[in-house]
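Contents: one structure, followed by commentary.
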Amino acid sequence: MKPISRRNVLVLGGIGAASAAVGGIGLSGAWTSGIRSTNGEKLVEPKSLRSVNGRLRVRLAASEGQVQIAGRQATALSYNGGLPGPTLFVHPGDRLNVTLDNGLNAATNLHVHGLHVSPEGNSDNVLRAIEPGTTFDYEYQLPENHPPGVYWYHPHHHGFVADQVFGGLYGAIVVEDADPIPASRERILVISDISLDDNGRVPAASPMDKMAGREGNLVLVNGQLGPNLTARPGERERWRIVNACVSRYLRLRLDGQHLQLLGIDSGRFASPRDVDEVVLAPGNRADLLVTTAAGTAVLRTLPVDRGDVQGMMGGARTSTGVDLATLDVTGALALSPAAVPAQPVPQDLRSATITARRELTFAMGMGMGMGMSFTIDGQRFDPARVDVKVQAGAIEEWTLTNTSSMDHPIHLHVWPMQIIEQSGQILDTPAWQDVVNVPARDSVRVRIRFDDFTGKTVYHCHILDHEDQGMMGIIEAR
Ligand code: C2O
Ligand code: CU
Ligand code: CU
């Protein structure tokens, strides 16, 4: 199996039919001893919690304990005793209150990934640590014009992020549309990976796994291994997909079914795009319409070559191909669904006046006796230093350059990025994402509007092992 070049793949979520010959690897390749497939079990959705009258109040208790993973008892981390945590459904303009109980034996905190909310105080403030045995009340006020879409939450306490996300702490957030999109079914698919040893525990990551970014040997959909979905032919389903993996890239296909991509992250296209596959770097989300055709289809991820740790034997990394779920489509033909309503025209900064330009360089290197270093502009993360100062309201253009031999998916909190140029190609339509892959030895140009909020927050590589080792910087908007 020949992994396709990431240069060609990662331009956008939607790609043509250039890769038809590549197949998936059977699930059995991904099992470790003692793991039982849940293949054939019905897909279980995480619990849904919905806002009422503009408010949603949620308690999330993070703890380590016994959970069901891939059909057996395991010891892992979870919010409220199951993984993924509950899905939070809110509307633009809503207020979300989350009480976080830290029942772990380490500090943690909570980040609402992709939400356009304040980074200060008790809002999306990832610079605050919530100590073990303590509780903290977060409050997020969504603006009235918050973009609808798929978001997610996860811990963000520097140095512990990869361990805590890999261990099981994540959940989806949906910001609902003003005009609902007609669908016979809406599904949440949180895709995550984890490793379990013979005792059902998550083994510690090796030094090489930390350098390359750990990938689990089980790839789960809503905590299940190989679940089954059913539908009638002619239905339109809406799938909201989260890549909650620490380092694994997903290249999703569902051959034989008609796929239309509504958007990636908070970026909604003017009209749905027909796609054969969807590529999600760690942290990215897809909002996907599936129009069903009779037969059995396999949701699979195909291999993605994400480069290598330069100069290290065994440092090459390819996110493997794995079958994730099956979709059985049988029965009487459903009535054709109503048309997808026109989507709001996306914001476009291509002709905007730029107030500042910056270059950020992401690098990996061997320091003298220090092991591998992960830096931005030559520096490791320091919570006491502000790396980038921006004017509130500014529109900036950033060139993200990756000098290393591995891909880095770059993420900025609070403000989404419009991709202008990727791997030398100028994009001809607006594409807004909050995680943008920067391929090895390549660069990407983005534009950002620093609107609505001030305060300090972070940008970082969303291979969370890299973030924990220092590939993160602080930005302050004033
Ligand atoms: Cu999904 Cu700063 O993170
Ligand atoms: Cu984030
Ligand atoms: Cu990285």
Side-chain angles (χ1 to χ4, degrees), residues 6 10 84 108-119 123-128 140 149-162 164-166 169-173 190 192 209-215 242-249 265-266 280-285 306-310 315 317 319 360-365 372-376 380-381 383 400-417 433-442 444 456-475:
R6 46 191 186 276
L10 295 167
T108 189
N109 62 15
L110 193 72
H111 170 47
V112 285
H113 178 131
L115 287 191
H116 182 58
V117 293
S118 167
S123 183
D124 191 22
N125 182 351
V126 296
L127 300 169
R128 183 187 284 270
Y140 312 99
V150 195
Y151 302 90
W152 63 301
Y153 59 87
H154 62 81
H156 215 293
H157 181 57
H158 181 64
F160 297 80
V161 183
Q164 293 184 358
V165 171
F166 196 70
L169 295 177
Y170 38 77
I173 301 174
V190 177
S192 62
D209 281 347
K210 287 187 184 178
M211 279 189 265
R214 71 189 77 180
E215 296 193 28
V242 178
N243 183 358
C245 300
V246 165
S247 316
R248 180 184 293 271
Y249 284 63
D265 298 352
S266 67
L280 299 178
N284 281 137
R285 293 84 60 206
R306 56 186 187 84
D308 62 273
V309 183
Q310 200 173 6
R317 281 299 180 274
S319 295
L360 274 69
T361 302
F362 298 82
M364 288 166 70
M372 181 69 61
S373 68
F374 294 84
T375 58
I376 304 176
R380 292 185 153 153
F381 178 67
L400 311 173
T401 299
N402 176 0
T403 59
S404 77
S405 54
M406 293 201 102
D407 288 21
H408 298 289
I410 303 307
H411 173 49
L412 170 64
H413 288 206
V414 182
W415 300 279
M417 301 173 272
Q433 294 180 195
D434 54 57
V435 178
V436 174
N437 189 59
V438 185
R441 299 192 185 89
D442 205 341
V444 175
K456 275 190 211 170
T457 190
V458 294
Y459 51 93
H460 59 90
C461 177
H462 218 289
I463 289 178
L464 297 171
D465 282 299
H466 295 173
E467 179 269 307
D468 278 337
Q469 290 168 90
M471 199 179 261
M472 177 154 76
I474 292 195
I475 178 170

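As the structure lists them, so they are numbered: ligands from 1, and atoms in each ligand from 1. This is a predicted model, so every value here is computed, not measured.
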Assess H111: does it contribute an N, O or S atom lying under 2.8 Å from the Cu ion (ligand 2)?
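Within the cut-off used here (under 2.8 Å), H111 does place an N, O or S atom near the Cu ion (ligand 2).
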For the Cu ion (ligand 3), which protein N/O/S atoms fall under 2.8 Å? Skip waters.
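H408 ND1, C461 SG, H466 ND1, with waters left out.
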Under 6.0 Å between ring centres: does that hold for H158 and H460?
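When the ring centroids of H158 and H460 are compared, they turn out to be at least 6.0 Å apart.
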Is the shortest side-chain heavy-atom distance between [X] and [Y] below 4.5 Å?
X: I463; Y: M406; answer: no
X: Q469; Y: M372; answer: no
X: W415; Y: H116; answer: yes
X: T403; Y: T361; answer: yes
X: F166; Y: S247; answer: no

At a cut-off of 2.8 Å, what protein N/O/S atoms sit near atom 2 (Cu) of ligand 1?
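Per the 2.8 Å query on atom 2 (Cu) of ligand 1, atoms found are H156 NE2, H413 NE2, H460 NE2.
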Member of D265, N243, N437 meeting the side-chain hydrogen bond (donor to acceptor under 3.5 Å, both in side chains) criterion with N284:
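By the side-chain hydrogen bond (donor to acceptor under 3.5 Å, both in side chains) criterion, N284 pairs with just one of D265, N243, N437: D265.
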Among H411, H111, H413, which one satisfies ring-ring contact (aromatic ring centres under 6.0 Å, His included) with H462?
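Among H411, H111, H413, the one meeting ring-ring contact (aromatic ring centres under 6.0 Å, His included) with H462 is H411.
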Report the relative orientation of the aromatic rings in W152 and H154; use parallel for angles under 30°, tilted for 30 to 60°, perpendicular for over 60°.
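Taking H154 first and then W152, their aromatic rings sit tilted (interplane angle of 30° to 60°).
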Trace of the side chain to side chain contact (heavy atoms under 4.5 Å, CB included) decision for I376 with Y459:
CA-CA 10 Å; I376 304 176; Y459 51 93; 3.8 Å; yes
